[in-house]
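Whatever order the structure lists ligands and atoms in, that order sets their numbers, starting from 1. Reckoned from all heavy atoms, side chains included, excluding hydrogens, waters and symmetry mates. Not measured: the values here are computed from a predicted model. The residues of the chain are indexed from 1 along the displayed sequence.
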Amino acid sequence: MADYDLIIIGTGSGNSLVTEDFADKKVAVIERGIFGGTCLNVGCIPTKMFVYAAEVATTIRDAARFGVDATLDGVRWPDIRDRVFGRIDPISDSGRDYRVSGPHTTAYLGQATFVGEREVEVEITRPGGAHAVGQKHRITGDQVVIATGSRATIPEVIESSGVPYETSDTVMRLPDLPRSMAIIGGGVIGAEFAHVFSALGVQVTQVQRGDRLLHRLDAEVGTLFTQQAQQQWDLRLNTQVVGASRSGTGVRLELSEGSPLEVDVLLIATGRAPNSDGMGLEVAGVQVRPDGRVQVDEHGRTTAGGVWALGDVSAPVQLKHLANHEARVVAHNLVHPDDLRSFAHTNVPAAVFSHPQVAMVGLTEEAAREAGHDITVKLQRYGDTAYGWAMEDTTGVVKLIGDASTGLILGAHFMGPHASTLIQTVIHAMSFGQTAEDVARDQFWIHPALAEVVENALLGL
Ligand SMILES: Cc1cc2nc3c(=O)[nH]c(=O)nc-3n(C[C@H](O)[C@H](O)[C@H](O)COP(=O)(O)OP(=O)(O)OC[C@H]3O[C@@H](n4cnc5c(N)ncnc54)[C@H](O)[C@@H]3O)c2cc1C
Ligand SMILES: NC(=O)c1ccc[n+]([C@@H]2O[C@H](COP(=O)([O-])OP(=O)(O)OC[C@H]3O[C@@H](n4cnc5c(N)ncnc54)[C@H](O)[C@@H]3O)[C@@H](O)[C@H]2O)c1
């Protein structure tokens with residue numbers, strides 16, 4: 001008989017698997033890092049709290065345009081930082097304590113490694129639990145869920161140089177706001193932190209090896225975003241870091257294009273790799289895809305019987321709402337082996353909380369053409385609707401890609417204020433198979449709300 005009915009490795013979305021269904025069962029929860037995982041501690045939640053502070057600073061700087069004179073007197077970094085972590089850290093601590101001393105679960109605060117089929121060894125690495133640091137425990141489970149997430153990848157040129165660097169795990173806890181910062185990488189994390197730190201007064205230089213930022217975005221909207229970024233911080237496109245060395249208390253970077261860069265702080269944002277390595281998956285019979293993701297079927301089953309995976313370690317995209325969705329599916333499947341549910345991996349939306357904000361769902365124009373759709377395209381400017389006009393918005397756009405034969409929406413790419421909220425109408429339409437015409441015509445749109453930009457885009461498609 002196994003020691004546990006269920007072993008969960010990783011307490012991000014994995015932590016939500018302990019549902020009422022396990023009320024009379026034995027569950028082991030294993031976590032080697034900060035309890036609660038990436039989103040709560042070093043991802044979505046703290047970044048957006050910093051983004052909010054950055055937006056406040058940007059609004060103040062921009063106020064005079066509207067006849068409101070205001071000056072940004074200063075930015076108190078320690079207060080901004082402590083507001084964020086003063087609220088987050090207690091949530092993590094209480095989540096851990098609940099699993100340590102709460103009902104039905106045994107928490108192991110350490111590194112899990114498979115030593116056999118559904119058999120795991122945990123080396124305790126953190127205090128705060130029932131087990132002493134340094135102890136090793138071997139446990140077996142009838143079922144095991146791998147929910148180990150992902151971690152920042154570091155380019156070899158930086159790693160081998162030995163220079164100090166930050167990642168998204170550490171940069172939000174800097175003791176002081178630096179004077180200057182280089183951000184390597186032009187993806188989501190780079191775009192969000194470039195906004196945060198430049199808005200707070202740091203001289204930011206972002207180095208991107210491609211010719212625009214946010215490569216997964218529709219090319220037209222991505223290019224518009226890149227132009228906006230160029231007006232806010234120093235952006236080096238088509239540029240690689242080819243060397244790095246220490247310079248005083250900071251870092252000197254040799255670039256493939258242009259003169260070297262000397263900065264106080266270096267932030268690496270070059271993508272995240274699944275945490276599937278170094279945990280004995282081969283011993284457990286769990287296969288891994290060539291890109292490092294654990295191989296799962298549509299129900300979340302790995303190649304090993306009774307072993308499941310979800311979230312960043314196995315998902316096609318690294319997003320919290322997708323990890324949560326997969327956790328709900330797996331939570332059901334764990335206790336309903338004869339009635340398995342499937343992951344929904346279509347129409348997964350995403351947003352980038354930079355300045356401007358960006359949101360997307362479905363296909364890009366390029367992908368829709370490549371897939372052979374007979375498409376229609378509408379680019380609607382925020383400024384051509386009443387509220388956008390009131391805001392004097394000159395850059396915001398809503399781009400919709402439709403299927404000319406069915407009237408269905410294939411993709412949407414928003415850039416501008418509240419893009420992540422406004423796009424929800426389109427996500428809804430795509431999820432429920434509504435045509436653009438029906439969504440536009442069969443409901444009232446509040447006038448003169450900003451949502452009229454979506455109505456007009458739908459009508460123009
Ligand atoms: C800076 C940043 C901002 C983000 N912002 C957003 C956003 O705005 N919106 C959004 O949708 N997504 C965002 N994401 C992505 C989102 O955070 C992830 O997709 C999500 O948290 C993944 O959840 P998970 O449960 O798969 O993994 P995680 O939350 O990473 O949990 C995995 C846990 O497993 C633990 N672990 C790993 N290996 C082992 C082991 N061998 N033994 C024991 N424990 C182990 C880790 O310590 C970790 O706590 C952001 C990510 C980052 C980095
Ligand atoms: N708002 C959100 O939903 C949100 C926010 C942050 C992170 N995330 C998730 O986290 C994931 C990881 O984010 P990310 O920004 O690290 O990855 P990313 O894949 O979005 O971007 C990585 C960037 O780094 C560049 N790059 C890679 N290697 C490089 C090198 N050696 N030198 C220079 N540039 C290099 C790539 O060209 C790309 O522009 C995202 O894909 C996303 O799923 C989501």
Inset, instruction - Of the side chain and backbone of Ile184, name the one, both, or neither that has a heavy atom under 4.0 Å from an atom of ligand 2. - result: side chain
Inset, instruction - Can you figure out which of Val242, Thr270, Ile268 has its heavy atom closest to atom 35 (C) of ligand 2? - result: Thr270
Inset, instruction - Using a 4.0 Å heavy-atom threshold (strictly under), name the region of Ala351 that reaches ligand 2: side chain, backbone, both or neither. - result: backbone
Inset, instruction - Using distance alone, decide if ligand 2 has a nitrogen or oxygen within less than 3.5 Å of any nitrogen or oxygen in Gly271. - result: yes
Inset, instruction - Answer with yes or no whether Gly110 contacts ligand 1, where contact means a heavy atom under 4.0 Å from a ligand atom. - result: yes
Inset, instruction - Considering only non-hydrogen protein atoms, determine which one is nearest to atom 37 (O) of ligand 2 and report residue, atom name and distance to 0.1 Å. - result: Arg209 NE, 3.2 Å
Legend entry - Residues which pass side-chain hydrogen bond (donor to acceptor under 3.5 Å, both in side chains) with Arg61, listed by chain and number, not counting sequence neighbours: none
Inset, instruction - Determine, using heavy atoms of Leu40 and all atoms of ligand 1, whether some pair is separated by less than 4.0 Å. - result: no
Legend entry - Under 3.5 Å donor-acceptor, Ser256 side chain and Gln240 backbone: yes
Legend entry - Closest protein heavy atom (residue, atom, distance) for atom 18 (P) of ligand 2: Gly187 CA, 4.0 Å
Legend entry - Partner of Arg151 by salt bridge (Lys or Arg N to Asp or Glu O under 4.0 Å), out of Asp312, Asp277, Asp169: Asp277
Legend entry - Ligand-residue contact atoms, ligand 1 with Gly10, heavy atoms, under 4.0 Å: 33 (C), 34 (O), 35 (C)
Legend entry - Within reach of ligand 2, part of Glu156 (heavy-atom separation under 4.0 Å): neither
Inset, instruction - Ignoring hydrogens and angles, tell me if any N or O in the side chain of Asp21 forms a donor-acceptor pair with the backbone of Val335 under 3.5 Å. - result: no
Legend entry - Heteroatom proximity flag, Pro155 to ligand 2, N/O under 3.5 Å: no
Inset, instruction - Would you mind checking which non-hydrogen protein atom is closest to atom 19 (O) of ligand 2, with the distance to 0.1 Å? - result: Arg216 NH2, 3.5 Å
Inset, instruction - Output all residues satisfying ring pair (Phe, Tyr, Trp, His ring centres under 6.0 Å) with His345, sequence neighbours left out; order by chain, then residue number. - result: Phe343
Legend entry - Main-chain N/O of Gly37 paired with Asn41 side-chain donor or acceptor, under 3.5 Å: yes
Legend entry - Nearest neighbour in protein (non-hydrogen) for atom 15 (O) of ligand 2: Ile189 N, 2.9 Å
Legend entry - NZ or CZ of Arg173 within 45° of Phe85 ring axis and under 6.0 Å: yes
Legend entry - Which residue and heavy atom of the protein sit nearest atom 42 (C) of ligand 2, plus the separation: Gln318 O, 3.4 Å
Inset, instruction - Starting from atom 44 (C) of ligand 2, locate the nearest protein heavy atom and write down its residue, its atom name and how far away it is, to 0.1 Å. - result: Val188 CG1, 3.8 Å
Legend entry - Arg272-ligand 2 polar pair, N/O distance under 3.5 Å: no
Inset, instruction - With rounding to the nearest 0.5 Å, note down the distance linking CD in Gln206 to CD in Gln230. - result: 10.5 Å
Legend entry - Polar proximity ligand 2 side, Gly186 side, N/O cut 3.5 Å exclusive: yes
